[in-house]
Amino acid sequence: QLMGQLLGMKEKEKKLASYLEIEHCVIISGDVDEQSKLHEEMGRAAVEALDFLLPEGTNIIAVMGGTTMAEVANQMNETLSRKRKLMFVPARGGLGESVDIQANSISALMAQKTGGENRVLYVPEQVSVETYKPLLQEPGIKKTLKLVDDANCVLYGIGDAKLMAERRGMNEEVLALIETKAAVGEAYGEFYNQSGGVVYKIPRIGLQSDKLADIASVMVVAGGKSKAKAIEAHIKKAPRHTWLITDEGAANEILTGI
Ligand code: BG6
């Protein structure tokens, strides 16, 4: 019976990948919205997938923030650095999240868990372009940004638009915009609608979503029925070689729509 279930899940993974037009999907059973514990399993699945995907030798991994990514970090261990030298960098500057789920902290935790290295990217929040432009000339910031540019892997999460706008304490104006423009999801500081069109973008330095196509390994980790719309819309614009690690809650919701 277990075999049958496993085969069933493999079928579903194939179906989802082919519908979303990406290389591969991993679906864990259950729905993280209903059982928060399942985040651990989704994290573990992401780490396993990474171990399969990453080449031997030096790897530069750019990571984003969020609670899902924090759980991926938690599940990492030294197995990942067997035959590999890992360098973790935050993909973008801070995005107004609480410290433990910021990309800086997550990449540091990943380095700690795997015995790899990390670099930080500290750029102040909510500053004008005039203020942060000169920061780009700082040697420390330049070095980290160069690493982000050279990353061969990017690891990130996807959020529900409204939730993310609120969590990041965005102002009334932006909240209203997100509502009227019917944004469904957020990734890379970009709020996008059902067709994946960007309706608002938090201007930040670091990796931009249009660079994904040039990165060898692209992995998204996001689950829960509540994120189904956000996942589907985002993946419409994602490069074909993207891997999606998700759960049945999101997968079933996306697949019933077809
Ligand atoms: C943010 C990322 O920190 O986390 C976003 O920058 C992502 O790209 C979000 O949308 C997802 O958060 P969570 O907590 O739902 O995993």
Side-chain angles (χ1 to χ4, degrees), residues 28 31-47 61-75 88-110 120-123 125-126 148 151 153-170 174 178 183-193 196 198-212 215 218-238 242 244-247 249-250:
I28 62 147
D31 184 331
V32 296
D33 286 346
E34 281 160 28
Q35 270 177 284
S36 189
K37 267 290 229 187
L38 289 176
H39 275 111
E40 288 172 25
E41 246 166 80
M42 201 161 68
R44 225 171 293 138
V47 177
I61 305 168
V63 297
M64 295 289 241
T67 56
T68 312
M69 276 304 117
E71 199 46 55
V72 174
N74 257 325
Q75 298 302 327
F88 296 93
V89 285
R92 288 169 59 101
L95 281 165
E97 298 266 43
S98 61
V99 175
D100 54 334
I101 58 167
Q102 276 176 18
N104 274 306
S105 326
I106 290 173
S107 50
L109 183 60
M110 288 180 172
V120 293
L121 188 58
Y122 285 127
V123 274
E125 270 310 297
Q126 321 284 356
V148 173
C153 173
V154 59
L155 207 52
Y156 65 100
I158 293 177
D160 167 78
K162 196 153 173 268
L163 254 164
M164 290 310 299
E166 285 167 359
R167 193 167 91 186
R168 288 186 178 149
M170 314 217 39
V174 177
I178 281 165
V184 297
E186 182 276 347
Y188 290 87
E190 292 174 345
F191 290 84
Y192 51 86
N193 60 25
V198 176
V199 303
Y200 178 75
K201 181 174 169 161
I202 306 171
R204 276 291 150 237
I205 60 171
L207 188 62
Q208 309 295 322
S209 64
D210 58 359
K211 288 277 149 48
L212 290 181
I215 300 178
V218 178
M219 188 178 291
V220 194
V221 191
K225 188 176 175 189
S226 62
K227 283 192 184 180
K229 275 205 180 80
I231 296 170
E232 184 173 355
H234 172 81
I235 303 276
K236 278 185 186 150
K237 295 282 165 82
T242 300
L244 169 68
I245 317 300
T246 188
D247 66 358

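Position 1 is the first residue of the sequence, and the numbers go up from there. In each ligand, atom 1 is the first atom listed, and ligand 1 is the first ligand listed.
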Can you list the ligand 1 atoms lying under 4.0 Å from a non-hydrogen atom of Glu186? 5 (C), 7 (C), 8 (O), 10 (O)
Looking at every non-hydrogen atom in both residues, tell me the closest pair between Ile178 and Ala165 and how far apart they are. CD1-CB, 3.6 Å
What part of Ile158 sits under 4.0 Å from ligand 1 if we count only heavy atoms: the side chain, the backbone, both or neither? backbone
Have Tyr188 and His234 got a donor and an acceptor in their side chains that come within less than 3.5 Å? no
Subset of ligand 1 atoms that lie under 4.0 Å from at least one heavy atom of Gly159: 7 (C), 10 (O)
State plainly whether the residues Glu34 and Lys225 are in salt-bridge range, i.e. N to O under 4.0 Å. no
Contact (N/O only, under 3.5 Å) between Gly66 and ligand 1: yes
Can you find a side-chain donor-acceptor pair between Asp33 and Ser226 that sits under 3.5 Å? yes
Candidate list Val120, Val63, Val99, test side-chain contact (heavy atoms from CB on, under 4.5 Å), partner Asn104, passing option: Val120
Glu97, portion touching ligand 1 at heavy-atom distance under 4.0 Å: side chain
Which option, Glu190, Arg168, Glu71, owns the non-hydrogen atom nearest atom 6 (O) of ligand 1? Arg168
Could you establish whether Tyr188 and ligand 1 come within less than 4.0 Å of each other, counting only heavy atoms on the residue side? yes
Would you indicate whether the side-chain heavy atoms of Arg167 and Ile101 approach each other to under 4.5 Å? yes
Please confirm whether Lys227 comes under 4.0 Å of ligand 1, counting heavy atoms of the residue only. yes
Does ligand 1 have an atom under 4.0 Å from some heavy atom of Arg167? yes
Which one holds for Met164 and ligand 1: side chain close, backbone close, both close, or neither close, with close meaning a heavy atom under 4.0 Å? side chain
With heavy atoms of Ala187 as the reference, note each atom of ligand 1 found under 4.0 Å away. 8 (O)
Minimum-distance pair of heavy atoms, taken over all atoms of Leu212 and Val154: CD2-CG1, 3.6 Å
Could you pull out the closest heavy-atom pair between Met170 and Tyr200, with the gap in Å? CE-CE2, 3.6 Å
